[in-house]
Amino acid sequence: QVQLLESGGGLVQAGGSLRLSCAPSGRTLSRVSWGWFRQASGKEREFVAAITWIGSKTDYADSVKGRFTISRDNAKNTVYLEMTSLKAEDTAVYYCAAEGQITLVPMRTAREYEYWGQGTQVTVSS
């Protein structure tokens, strides 16, 4: 069973930056597309960013476009989410997700992903 492990969450002041990382434990996942989602208290889980295996195409939610960057390191089997200019409304539990089906476009829907992490808390103080 593959488990995704997120790290890098924490408490930061508004305007600050954080970098989240996610990597699988148990075994290596090859040729995967990655996604980041978040869930704020009392709200539904929402799409944040995604990156494909082929061509490393990226897609972002409008609310984070220009502030967040998703990237991958295939050698380390790791995906990152660089978050800058953080706002109080970015406060949420952030989840990474992986899907082994090769896709040509980034996937924005949670049900398209097979593997999920347990989440890491990001709190932005205003």
Side-chain angles (χ1 to χ4, degrees):
Q1 183 69 19
V2 175
Q3 179 73 36
L4 302 182
L5 299 178
E6 301 104 336
S7 61
L11 174 65
V12 64
Q13 289 188 333
S17 301
L18 282 175
R19 188 177 80 156
L20 305 182
S21 302
C22 175
S25 67
R27 67 177 175 92
T28 298
L29 292 178
S30 60
R31 302 181 182 180
V32 293
S33 294
W34 295 97
W36 285 97
F37 292 78
R38 67 186 182 186
Q39 187 167 16
S41 180
K43 297 186 177 181
E44 294 187 352
R45 189 171 301 190
E46 64 176 2
F47 167 76
V48 175
I51 187 168
T52 62
W53 166 253
I54 296 177
S56 292
K57 297 176 183 177
T58 58
D59 191 16
Y60 298 91
D62 288 344
S63 59
V64 307
K65 201 170 293 184
R67 301 188 297 120
F68 290 12
T69 303
I70 187 172
S71 62
R72 61 188 302 156
D73 185 331
N74 292 334
K76 296 182 178 179
N77 208 200
T78 300
V79 66
Y80 304 97
L81 185 68
E82 189 78 37
M83 305 185 294
T84 63
S85 301
L86 283 162
K87 306 174 182 179
E89 50 263 44
D90 294 318
T91 295
V93 177
Y94 283 71
Y95 299 89
C96 72
E99 170 52 45
Q101 298 282 346
I102 295 176
T103 63
L104 298 179
V105 296
M107 297 180 292
R108 300 172 63 99
T109 306
R111 65 176 180 270
E112 296 180 280
Y113 291 89
E114 180 177 1
Y115 305 106
W116 287 85
Q118 294 298 308
T120 184
Q121 177 70 46
V122 171
T123 302
V124 184
S125 63
S126 57

Would you say V64 and V12 are hydrophobically clustered, going by side-chain heavy atoms of ILVMFWY under 4.5 Å?
-> yes

Interatomic distance, F68 atom CZ to S85 atom OG [nearest 0.5 angstrom] = 9.0 Å

If you look at every heavy atom in A23 and T78, which pair is closest and at what distance?
-> CB-OG1, 3.6 Å

Which residue pairs satisfy the ring pair (Phe, Tyr, Trp, His ring centres under 6.0 Å) criterion with at least one member in residues 101-126, sequence neighbours excluded?
-> F37-Y113, F37-W116

Hey, does the side chain of N74 reach the backbone of N77 with a donor-acceptor pair shorter than 3.5 angstrom?
-> no

Spacing of CG belonging to D90 relative to OG belonging to S63, to within rounding of 0.5 Å = 7.0 Å

State, without any angle test, whether T84 and E82 hold a side-chain donor-acceptor pair at a distance under 3.5 Å.
-> no

Group every Ile, Leu, Val, Met, Phe, Trp and Tyr by side-chain heavy-atom contacts under 4.5 Å, then state whether L18 and V93 land in the same group.
-> no

Does the T120 side chain pair with the main chain of E6, one donor and one acceptor, at a distance under 3.5 Å?
-> no

Minimum side-chain heavy-atom gap W53-V32 below 4.5 Å = no

When rounded to the nearest 0.5 angstrom, what is the spacing between SG in C96 and CG in L20?
-> 9.0 Å

Start with the C-alpha gap between M83 and R19, add the side-chain angles, then the distance that decides, and say whether side-chain contact (heavy atoms from CB on, under 4.5 Å) holds.
-> CA-CA 6 Å; M83 305 185 294; R19 188 177 80 156; over 6 Å; no

Is there a donor-acceptor pair closer than 3.5 Å between any side-chain N or O of K57 and the backbone N or O of L104?
-> yes

Do the side chains of Y95 and V79 join up, straight or via other hydrophobic residues, at under 4.5 Å, putting them in one cluster?
-> no

To the nearest 0.5 Å, atom OG1 of T103 lies from atom CD1 of I54 at 7.5 Å

For the atom pair CE (M107) and CZ (F47), what is the distance rounded to the nearest 0.5 Å?
-> 10.0 Å

If you look at every heavy atom in S33 and R72, which pair is closest and at what distance?
-> CA-NH1, 4.4 Å

Return yes if some donor-acceptor pair links the side-chain N/O of T91 with the main-chain N/O of V124 below 3.5 Å, else return no.
-> yes

Heavy-atom closest pair, residues A88 and S126 = CB-CB, 4.2 Å

If we only count heavy atoms from C-beta on, is the K87 to R67 side-chain gap below 4.5 Å?
-> yes

Test item: T109 side-chain N/O and R111 main-chain N/O as donor-acceptor pair under 3.5 Å = no

Any Lys/Arg nitrogen of D62 or K65 sitting under 4.0 Å from an Asp/Glu carboxylate oxygen of the other?
-> yes

Does W36 share a hydrophobic cluster with V122, counting links as ILVMFWY side-chain heavy atoms below 4.5 Å and allowing steps through other members?
-> yes

Looking only at non-hydrogen atoms, find the nearest pair between A50 and P106 and report the distance.
-> CB-CB, 3.8 Å

Within-4.5 Å side-chain heavy-atom neighbours: L29 and L4 = yes

Separation between CZ (R31) and CD (E99), nearest 0.5 Å, reads 14.0 Å

Note: D73 and Y80 closest approach over all heavy atoms is CB-CE1, 3.9 Å

Return yes when atom CD of Q118 has more than 12 non-hydrogen atoms of other residues, nucleotides or ligands closer than 6.0 Å, and no otherwise.
-> no

Side chains of E46 and R38 in contact at under 4.5 Å (non-hydrogen atoms) | yes

Taking side chain as C-beta onward, heavy atoms only, is P24 less than 4.5 Å from Q3?
-> no

Could you check T69 against L81 for side-chain contact (heavy atoms from CB on, under 4.5 Å), going step by step and ending with a plain yes or no?
-> CA-CA 6 Å; T69 303; L81 185 68; over 6 Å; no

With no hydrogens and no angle check, is any side-chain donor or acceptor of Q13 less than 3.5 Å from a backbone partner on S125?
-> no

Pairs meeting criterion disulfide (SG to SG under 2.5 Å) with involvement of residues 24-55, two or more places apart | none

Look at atom CD of Q101 and say whether more than 12 heavy atoms of other residues, nucleotides or ligands are closer to it than 6.0 Å.
-> no

